[in-house]
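Here the structure comes first, spelled out in structure tokens, and everything after it is commentary.
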Amino acid sequence: GEPWRRQVFAYPREVFPPTDHHSATLVGNEIIVIGNLGYIDERVVGHTPVYALHTPSMQFRQLVCHGDAPGWIHKHRAQLVCPGVIAVSDGTVYNGDKQYTAMHGCWELDLRTLAWSCVK
């Protein structure tokens, strides 16, 4: 068979900052990247970082979301639950001052409106 081909794409921090323990969900021709642990001095309590990778062009963009977000989450689970809606659960939330708690409940992000809502 053919050898496996690899390509490495590098992005400036302002386009796509380093992430770890994020989720990545394929929605159409985009991969939606939600949350990360990140660097402690860059975490924002209450904010949930969301990015989209357009797979045909390999361009990243930040999605500016609103509503009742789960907060600065990492090590969570995400899945597409219906067209354009991603559910997020079972993660860890950064609460500031080096404090972390288990994420309780489930949140949904509606990609059409970019609105977060707590569903349970």
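Atom-to-atom distance recorded for Ile86:CD1 and Thr25:OG1 is 4.5 Å, nearest 0.5 angstrom. Separating the CD1 atom in Ile40 from the CH2 atom in Trp72 is a distance of 11.5 Å, to the nearest 0.5 Å. In this structure, the separation between CH2 on Trp116 and CH2 on Trp107 is 9.5 Å, given to the nearest 0.5 Å. From Ser89, atom OG reaches atom CD of Glu108 across 10.5 Å, with rounding to the nearest 0.5 Å. Taking CD1 of Ile31 as the reference point, atom CG of Leu26 lies at 6.0 Å (rounded to 0.5 Å).
A single hydrophobic cluster is not seen to contain both Leu63 and Phe60; linkage of ILVMFWY side chains at heavy-atom distances under 4.5 Å, directly or through other members, places them apart. When hydrophobic clusters are built by joining Ile, Leu, Val, Met, Phe, Trp and Tyr residues whose side-chain heavy atoms come closer than 4.5 Å, directly or via intermediates, Leu53 is not grouped with Leu80. Val88 and Val27 fall within the same hydrophobic cluster, where Ile, Leu, Val, Met, Phe, Trp and Tyr residues are linked whenever their side-chain heavy atoms come under 4.5 Å apart, directly or through other members.
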Problem set entry | Test side chain to side chain contact (heavy atoms under 4.5 Å, CB included) applied to Tyr94 and Val44, step by step | CA-CA 9 Å; Tyr94 175 69; Val44 179; over 6 Å; no
For this session: Dump the intermediate steps for side chain to side chain contact (heavy atoms under 4.5 Å, CB included) on Ile32 and Leu111, then the final yes or no.
Result: CA-CA 9 Å; Ile32 306 301; Leu111 295 171; 3.9 Å; yes
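Thr19 is linked by a side chain to side chain contact (heavy atoms under 4.5 Å, CB included) to Phe16, His22, Asn36, counting only residues two or more places apart in sequence or in another chain. Asp68 is linked by a salt bridge (charged side-chain N to carboxylate O under 4.0 Å, His left out) to nothing, counting only residues two or more places apart in sequence or in another chain. Qualifying side-chain hydrogen bond (donor to acceptor under 3.5 Å, both in side chains) partners for Thr92, counting only residues two or more places apart in sequence or in other chains: none. The side-chain hydrogen bond (donor to acceptor under 3.5 Å, both in side chains) test applied to Glu30 returns Arg61, not counting sequence neighbours. Annotation: side-chain hydrogen bond (donor to acceptor under 3.5 Å, both in side chains) contacts of Arg6 (sequence neighbours excluded): none.
Closest non-hydrogen pair, Ala87 versus Val81, comes out as CB-CG1, 3.5 Å. When all heavy atoms are compared, the tightest approach of Leu114 to Leu109 is C-CD1, 3.9 Å. For the residue pair Tyr51 and Val15, the shortest heavy atom distance occurs at CE2-O, 3.8 Å. Contact record, Arg43 with Gly38: NH2-O, 3.0 Å, taken as the closest heavy-atom pair. Contact detail for His74 and Tyr100: the closest heavy-atom pair is CE1-CD2, 3.9 Å. Between Arg112 and Val85 the shortest heavy-atom distance is NH2-CG2, 3.6 Å.
Within the structure, every pair that satisfies the side-chain hydrogen bond (donor to acceptor under 3.5 Å, both in side chains) test and touches residues 76-87, not counting sequence neighbours, is listed here: Ser23-His76.
Distance alone, capped at 3.5 Å, places no donor-acceptor pair between the Asp97 side chain and the Gln99 backbone.
A donor-acceptor pair shorter than 3.5 Å cannot be found between the side chains of Asn29 and Thr55.
A 6.0 Å sphere centred on OH of Tyr39 holds no more than 12 heavy atoms belonging to other residues, nucleotides or ligands. Atom CD of Gln59 has 12 or fewer heavy atoms from other residues, nucleotides or ligands within 6.0 Å.
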